[in-house]
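This report refers to the structure that appears directly beneath it.
The structure presented is a predicted model; accordingly, all values stated were derived computationally and were not measured.
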Amino acid sequence: QVQLVESGGGVVQVGGSLRVSCAASGIDFTLNRMGWYRQRPGNQRERVAHVDFGGTTNYAHFVNGRFTVSGNFDENTVSLQMNNLKPEDTGVYFCFGRRFLFIAEDYWGQGTQVTVSS
C-alpha cells in the first residue's frame with residue numbers, strides 16, 4: 001500500500017521560512033513526478049510546485065522565487081523550502097507522487113498545516 005507522509009509544517013511569522021518534507025513508502029515502482037499542492041481556507045486545492053524525475057521543476061505563479069522544490073526519486077522523498085512567507089501562504093500543504101504508465105496515477109499525503117502569522 002502506497003503511503004505518503006508529510007512533516008515539517010507549523011507556525012511561522014511573516015517573512016520567515018519553513019521546510020516541509022514528504023516520504024513515500026510501499027512503492028515498488030519509479031515515480032515520475034513529486035510535488036506539492038495546498039489548500040488555503042475557503043479555497044480549492046491549488047498546485048504549488050513539482051519536480052520531475054529528470055530534475056525539471058515547475059512553480060505556480062504566486063511562488064515568485066520564494067519556494068524551492070527538491071526531490072530524491074531513489075528514496076521517494078520530496079521537500080519544499082519556503083522563504084519569505086506571507087499570510088496568504090497559510091493552508092494545508094499536501095504532497096503528491098505521480099506515476100505515468102498508461103494513465104497518470106496520483107498518490108497523496110494527508111497534509112500538513114502551515115500557518116503564517118502577522
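Both F53 and F29 belong to a common hydrophobic cluster when Ile, Leu, Val, Met, Phe, Trp and Tyr are linked at side-chain heavy-atom distances under 4.5 angstrom. In the hydrophobic clustering of ILVMFWY residues, with side-chain heavy atoms under 4.5 Å counting as a link, F62 and V116 come out together. Under the 4.5 Å side-chain heavy-atom criterion for ILVMFWY residues, a single connected hydrophobic cluster contains both V14 and Y93.
Here the side chains of V114 and M82 are in contact, with some heavy-atom distance below 4.5 Å. The shortest side-chain heavy-atom distance between F67 and N84 does not fall under the 4.5 Å cut-off. Contact check for V48 versus Y59: no side-chain heavy atoms found under the 4.5 Å cut-off. Residues H50 and V78 form no side-chain contact, since every pair of their non-hydrogen atoms from C-beta on lies 4.5 Å or further apart. Inter-residue side-chain proximity for D52 and R33 is flagged as met; some heavy-atom pair is nearer than 4.5 Å. Taking the side chain as every heavy atom from C-beta outward, T115 and V12 never approach each other to under 4.5 Å.
A donor atom on one side chain and an acceptor atom on the other are not found under 3.5 Å apart for Q81 and S79. Residues T77 and N72 have side chains that never bring a donor and an acceptor to within less than 3.5 angstrom of each other. Side chains of N43 and R38: a donor-acceptor N/O pair is absent below 3.5 angstrom, by distance only.
Looking at residues two or more places apart in sequence or on another chain, you find a side chain to side chain contact (heavy atoms under 4.5 Å, CB included) between S25 and Q3. Take R40 and apply the side chain to side chain donor-acceptor pair (under 3.5 Å) test, not counting sequence neighbours, and it matches E46. With sequence neighbours excluded, no residue satisfies side chain to side chain contact (heavy atoms under 4.5 Å, CB included) with F102.
In plain terms, the two heavy atoms of G10 and L18 that are nearest each other are N-CD2, 3.8 Å. The two residues S17 and N83 come nearest to each other via the heavy atoms OG-OD1, 2.9 Å. Across all their heavy atoms, S70 and R19 have their closest contact at OG-NH2, 3.9 Å.
With rounding to the nearest 0.5 angstrom, the CZ atom of R98 is 11.5 Å from the OH atom of Y107. Once rounded to the nearest 0.5 Å, the distance linking OG of S118 with CG of L85 reads 13.0 Å. Rounding to the nearest 0.5 Å places CD of Q113 at 7.0 Å from OG1 of T90.
Surrounding CD of E88 are more than 12 heavy atoms belonging to other residues, nucleotides or ligands, all under 6.0 Å away. More than 12 heavy-atom neighbours from other residues, nucleotides or ligands sit within 6.0 angstrom of CD on Q39.
Each of L80, V69, T68 was checked for a side chain to side chain contact (heavy atoms under 4.5 Å, CB included) with V51, and the lone residue meeting it is V69.
Within the hydrophobic cluster formed by Ile, Leu, Val, Met, Phe, Trp and Tyr side chains joined at under 4.5 Å, directly or through other members, W108 is accompanied by Y37, V92, F94, F96.
For residues 59-82, the set of pairs meeting the salt bridge (charged side-chain N to carboxylate O under 4.0 Å, His left out) definition, not counting sequence neighbours, comprises R66-D89. Here disulfide (SG to SG under 2.5 Å) pairs that include residues 18-118, with residues two or more places apart or in two chains, are C22-C95.
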